[in-house]
Amino acid sequence: MPFVEAVATACPWSSWDPGTVQFCEERLCAWVVEPSNAWSSVSYLILGVYMLVQALRPVAPRSIAVAAAQIMIGAGSFFFHATGTFWGEFVDQFGLFMLSALILACSAAQARRLTAGHTIAMYVALVLISALLLLVVRPIGIPLFAAQLAVGLGWQVRLWSRSSGPIRAAHRPFFVGVGLFLMSFSIWITDITRLVCNPQNHLVTGHAIWHVLNAICIERLGAFYGRRFALSPDR
């Protein structure tokens, strides 16, 4: 057996299908192939648990759903960056779909005055259809997430522009989150395109910074939903 083939076979995740996405950090032959990207994913889990506790006092269903998405993103992101496999990527992007579908469904519920049952049905359908599409067309995950996110966030901004009084003021955490997201997304771009890249850096990568900032963005989204729907639960 050639030496290179022998080394590849010895790597823990070499028998799994590789992921379709590769960020700047060089993958190691180890149980955690991208240490910086993997361990920074824990920030989602920490904030997700904090959000879940906050959303239960008092119970805020939409904030609980955001917390659940945050926790799933953290678990999936760690799995993906620890293994570099497609199935890690699938779990990671499933969590992202939980977030983007929630934003889109909540925006639709406010605009169209959907019942809670219709909102939940729309949310579940969006997540499941997105996940099935990812299984069929593996590279579709990031573009599909981005499209859902853009529509959902844009719709929410439009709703804000038509609101007034306390509901308008309740959007403050939303815009803080959007601002942080745009900043962190610019870092994500420089990492995945390798504009700013040191593949041998396994301590603090651009993608790791994205993880931390994005986790804060999601926390702000949960705070927004808690305030917004406490003022008007039916809209």
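A disulfide (SG to SG under 2.5 Å) check over residues 98-131, counting only residues at least two apart or in different chains, returns nothing. Applying the disulfide (SG to SG under 2.5 Å) test to residues at least two apart or on different chains, none of the pairs has a partner in residues 118-147. Counting only residues at least two apart or on different chains, no side-chain hydrogen bond (donor to acceptor under 3.5 Å, both in side chains) pair has a member in residues 185-195. Judged as a side-chain hydrogen bond (donor to acceptor under 3.5 Å, both in side chains), the pairs with a partner in residues 117-129 (not counting sequence neighbours) are, in order, T115-H118. The disulfide (SG to SG under 2.5 Å) pairs that include a residue from residues 163-198 are C24-C197, where partners are two or more places apart or lie in different chains.
Taking 4.5 Å as the limit, every side-chain heavy atom of L134 sits out of range of all side-chain heavy atoms of L144. You'll find the side chain of I192 stays beyond 4.5 Å of the side chain of H207, heavy atoms only. No side-chain heavy atom of F86 sits less than 4.5 Å from a side-chain heavy atom of W16.
The nearest pair of heavy atoms linking H171 to R228 is CE1-CD, 4.3 Å. Residues L126 and L104 share a closest heavy-atom pair of CD1-CD2, 3.9 Å.
Q70 places a side-chain N or O within donor-acceptor distance of the main-chain N or O of A215, the cut-off being under 3.5 Å. A donor-acceptor distance shorter than 3.5 angstrom exists from the side chain of S63 to the backbone of G226, with no hydrogens or angles considered. Within the 3.5 Å criterion, the main-chain N or O of W160 finds a donor-acceptor partner in the side chain of R168.
Scored by the side chain to side chain donor-acceptor pair (under 3.5 Å) test, T205 finds S36, N37 as partners (sequence neighbours excluded). For the ring-ring contact (aromatic ring centres under 6.0 Å, His included) test, residues two or more places apart in sequence or in another chain that qualify with F78 are W39. For Q54, the side chain to side chain donor-acceptor pair (under 3.5 Å) partners are R57, not counting sequence neighbours. In this view, S130 and Q148 satisfy the side chain to side chain donor-acceptor pair (under 3.5 Å) rule, not counting sequence neighbours. For E89, the side chain to side chain donor-acceptor pair (under 3.5 Å) test picks out T20, with sequence neighbours left out. For F94, the ring-ring contact (aromatic ring centres under 6.0 Å, His included) criterion is met by no residue, not counting sequence neighbours.
For the side chain to side chain contact (heavy atoms under 4.5 Å, CB included) with R138, the lone residue among D17, V21, L133 that qualifies is D17.
Within a 6.0 Å sphere centred on CZ of R172, heavy atoms belonging to other residues, nucleotides or ligands number 12 at most. Within 6.0 Å of CG in L195 there are more than 12 heavy atoms belonging to other residues, nucleotides or ligands.
Under the 3.5 Å distance criterion, with hydrogens and angles disregarded, a donor-acceptor pair is assigned to the side chains of H211 and S77.
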Query - E25 and H202: CA distance, side-chain angles, deciding distance, side chain to side chain donor-acceptor pair (under 3.5 Å) verdict - result: CA-CA 7 Å; E25 186 176 7; H202 299 291; 2.8 Å; yes
Report task. Evaluate the criterion side-chain contact (heavy atoms from CB on, under 4.5 Å) for residue pair Y44 and I71; output intermediate values, then yes/no. Result -> CA-CA 6 Å; Y44 292 110; I71 291 170; over 6 Å; no
List the atom pairs, with distances to 0.1 Å, where a side-chain N or O of residues 173-182 and a protein N or O form a donor-acceptor pair under 3.5 Å, not counting sequence neighbours.
none

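In this structure, F23 and F80 have perpendicular ring planes: the angle between them is above 60°, well past the 30° mark.
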